[in-house]
Amino acid sequence: MSLLTYINIATKVYKELRIQKQFNKDFLIPYLNELETRHNGKFQPEQKGKILKYYGLFITSFLCSSYKRLYGKRLSPDERKRATLFGILTPVGDDLFDIDKLSIDDIRTITFHPEEYHATVFSAAVAKEIQSYLLQQVPCKKEYLEASKNVLDIQVETIKQTKPTITKEDMQRITYTKGAVSVIIYHQCLDDAASLQMLDVLFYVGSLYQLGNDIFDLYKDVRDNIYTLVNTCDDFVAFRQMFVERVRAQNRRIIALPYKQKDIREFCIIMNTINARSMVAIDQFIRLQKKLGGKKINWWRLERKDMIVDMEKKRNLLRWFNYIRLLPKWK
């Protein structure tokens, strides 16, 4: 693919980011303030930062807009609003489990029958309001509810990752499924539900993204004693091979989609930009493991600097751009 193709794609993504930033200024930031006033609570600074800089910005402008461009369409204002609202619901939902310690039954009620739930904490009140709105507004309610169930089910299972006895098989299944359901539910917020073929694509896209999240959350997961495929890895050369094979499997499924070839190629490039970052990090871990004599890395004995991959370094940026060029070609 030519340099012009990459420039054209980068321009489209940048334009979407600008549109979403303006939408956040006009809608999201005032709405977050309204939620705090209405429900007498506060979003934690770290949580608000995730909403404004990742879930409410990157996911909508990068992921949801890419779905629509693949279909030869544009993200509508209503779709943008629903996806942005779910960007609030994602970290708030984590709080229901991790901080507020709501029972599974309470969280199920908020998920499926929010109007029946009496909220007594801020995060539950926010989740109830947003889920009520989404259930009223999503055009594909059946598919959205199924996706919501899948998100809740895997969230319950992630408790296993707090136990050092978790098996590699469970860890892999949870990792892949968690990533898949996360990207799928954003699709089901849109006007058209994902086809079975697209769901298969998104399973691979999401599983790779979750591996990427675990790579760049390495320090946080070690600090919090969350066991992942990354911080329990025995051999990062083998990990890299597994990751590459999964990228190939994803790409084969993307190019088989029944849309215009130009749109498919652009979608494949965009989906692999995150995977390209992960490849830079995996290569760094391979070098570290080699430096340590090739033995399994005990991350709990290392310093924070050993776990951080600085993607602002010129050398890493060049490696990232090179992988952005290479990964879409791997079939």
Side-chain angles (χ1 to χ4, degrees), residues 46 50 54 58 94 98 154 157-180 182 204-251 271-330:
E46 181 180 357
K50 283 183 178 180
Y54 182 68
F58 171 78
D94 290 339
D98 302 335
I154 200 62
E157 285 213 65
T158 58
I159 190 66
K160 293 179 181 179
Q161 290 186 272
T162 63
K163 303 180 187 303
T165 54
I166 184 174
T167 65
K168 288 283 189 181
E169 292 76 16
D170 273 350
M171 208 181 297
Q172 184 180 82
R173 178 179 54 79
I174 291 169
T175 300
Y176 289 175
T177 305
K178 182 180 179 181
S182 297
Y204 281 84
V205 169
S207 64
L208 285 163
Y209 282 9
Q210 186 59 47
L211 285 170
N213 285 342
D214 291 344
I215 286 168
F216 285 94
D217 283 347
L218 176 58
Y219 171 74
K220 181 176 72 67
D221 288 337
V222 169
R223 180 196 65 193
D224 297 340
N225 288 314
I226 305 297
Y227 297 91
T228 71
L229 292 171
V230 178
N231 62 31
T232 62
C233 178
D234 298 311
D235 179 355
F236 276 101
V237 171
F239 185 95
R240 185 185 190 277
Q241 183 178 355
M242 174 275 294
F243 192 90
V244 167
E245 286 306 312
R246 201 154 189 86
V247 169
R248 293 183 190 277
Q250 168 204 258
N251 290 351
M271 293 301 101
N272 276 304
T273 55
I274 302 301
N275 300 329
R277 292 177 81 247
S278 299
M279 290 293 295
V280 174
I282 294 168
D283 288 347
Q284 178 175 310
F285 297 159
I286 290 173
R287 293 192 295 272
L288 176 62
Q289 189 166 37
K290 185 177 180 180
K291 180 181 176 182
L292 296 175
K295 61 184 179 180
K296 179 179 178 179
I297 300 174
N298 186 341
W299 296 103
W300 279 262
R301 292 185 178 180
L302 297 184
E303 298 179 26
R304 182 179 182 275
K305 64 180 178 65
D306 298 311
M307 307 181 206
I308 300 301
V309 181
D310 187 354
M311 290 303 298
E312 294 185 6
K313 285 184 177 179
K314 183 178 179 181
R315 185 165 46 188
N316 282 344
L317 282 172
L318 290 174
R319 289 167 174 158
W320 181 35
F321 294 149
N322 187 47
Y323 275 126
I324 289 174
R325 179 181 63 85
L326 290 175
L327 263 61
K329 300 176 182 178
W330 295 350

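- One finds a salt bridge joining Arg173 and Glu157 here, because a Lys/Arg side-chain nitrogen approaches an Asp/Glu carboxylate oxygen to under 4.0 Å.
- In this structure, NZ in Lys220 is found 13.0 Å from CE in Met307, a value given to the nearest 0.5 Å.
- Listed by chain and residue number, Arg240 satisfy the salt bridge (Lys or Arg N to Asp or Glu O under 4.0 Å) test with Asp283 (two or more places apart in sequence, or in another chain).
- Counting heavy atoms from C-beta on, the side chains of Gln161 and Ile174 come closer than 4.5 Å.
- Contact between Leu317 and Glu312 at its shortest, heavy atoms only, is CD1-O, 3.9 Å.
- For the ring pair (Phe, Tyr, Trp, His ring centres under 6.0 Å) test, no residue two or more places apart in sequence or in another chain qualifies with Tyr219.
- The shortest distance between side-chain heavy atoms of Thr162 and Tyr227 does not fall below 4.5 Å.
- Residues Leu288 and Leu302 form a side-chain contact, since some pair of their non-hydrogen atoms from C-beta on lies under 4.5 Å apart.
- Across Ser278 and Phe243, no two heavy atoms sit closer than the pair CB-CZ, 3.6 Å.
- Between atom NZ of residue Lys160 and atom OG1 of residue Thr158 there is a gap of 10.5 Å, rounded to the nearest 0.5 Å.
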| message | Apply side-chain hydrogen bond (donor to acceptor under 3.5 Å, both in side chains) to residues Asn272 and Asn251 and explain how you reach the verdict. | response | CA-CA 9 Å; Asn272 276 304; Asn251 290 351; 3.0 Å; yes

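- Annotation: salt bridge (Lys or Arg N to Asp or Glu O under 4.0 Å) contacts of Glu245 (sequence neighbours excluded): Arg248.
- Across Val309 and Phe216, no two heavy atoms sit closer than the pair CB-CE2, 3.9 Å.
- Remark: Phe58 engages Tyr54, Phe62 in a ring pair (Phe, Tyr, Trp, His ring centres under 6.0 Å) (not counting sequence neighbours).
- Side chain of Asn231 to main chain of Thr228: a donor-acceptor pair is present (N/O by atom type, distance under 3.5 Å, no hydrogens or angles).
- Side-chain atoms of Tyr176 do not come within 3.5 Å of backbone N or O of Leu208 as any donor-acceptor pair.
- Shown here are the salt bridge (Lys or Arg N to Asp or Glu O under 4.0 Å) partners of Arg277, two or more places apart in sequence or in another chain: there are none.
- Across all their heavy atoms, Val222 and Trp300 have their closest contact at O-NE1, 3.2 Å.
- Within the 4.5 Å cutoff, the side chain of Leu229 has heavy atoms near those of the Leu211 side chain.
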| task | Go through the steps to decide whether Asn322 and Arg325 satisfy the test side-chain hydrogen bond (donor to acceptor under 3.5 Å, both in side chains), and finish with yes or no. | result | CA-CA 5 Å; Asn322 187 47; Arg325 179 181 63 85; 2.6 Å; yes

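- A salt bridge is absent between Lys313 and Asp310; no separation between the charged side-chain nitrogens and carboxylate oxygens falls under 4.0 Å.
- Exactly one of Met311, Lys305, Arg304 qualifies for a side chain to side chain contact (heavy atoms under 4.5 Å, CB included) with Ile308. That residue is Arg304.
- Scanning both residues, Ile215 and Phe239, for their nearest heavy atoms gives CD1-CE2, 4.3 Å.
- Heavy atoms from other residues, nucleotides or ligands lying under 6.0 Å from NZ of Lys290 number 12 at most.
- No donor-acceptor pair under 3.5 Å is formed between the side chain of Gln172 and the backbone N or O of Thr167.
- Within the 3.5 Å criterion, the main-chain N or O of Asp221 finds no donor-acceptor partner in the side chain of Asp224.
- Separation of atoms CG (Leu218) and CD1 (Ile226) is listed at 12.5 Å; rounding is to 0.5 Å.
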| Step-by-step side chain to side chain contact (heavy atoms under 4.5 Å, CB included) determination, Asn275 to Tyr209 | CA-CA 7 Å; Asn275 300 329; Tyr209 282 9; 3.8 Å; yes

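- In terms of heavy-atom proximity, Arg246 sits nearest to Ser207 at NE-OG, 2.8 Å.
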| said: Is there a side chain to side chain contact (heavy atoms under 4.5 Å, CB included) between Asn316 and Arg319? Walk through the geometry before answering. | reply: CA-CA 5 Å; Asn316 282 344; Arg319 289 167 174 158; 3.0 Å; yes

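- Summarising the local packing, CD1 of Ile159 is surrounded by 12 or fewer heavy atoms from other residues, nucleotides or ligands at distances under 6.0 Å.
- For the ring pair (Phe, Tyr, Trp, His ring centres under 6.0 Å) test, residues two or more places apart in sequence or in another chain that qualify with Trp299 are Phe285.
- At distances below 3.5 Å, not a single donor-acceptor pair connects side-chain atoms of Lys296 with backbone N or O atoms of Gln289.
- Between the side chain of Trp320 and the backbone N or O of Thr273, at least one donor-acceptor pair lies under 3.5 Å.
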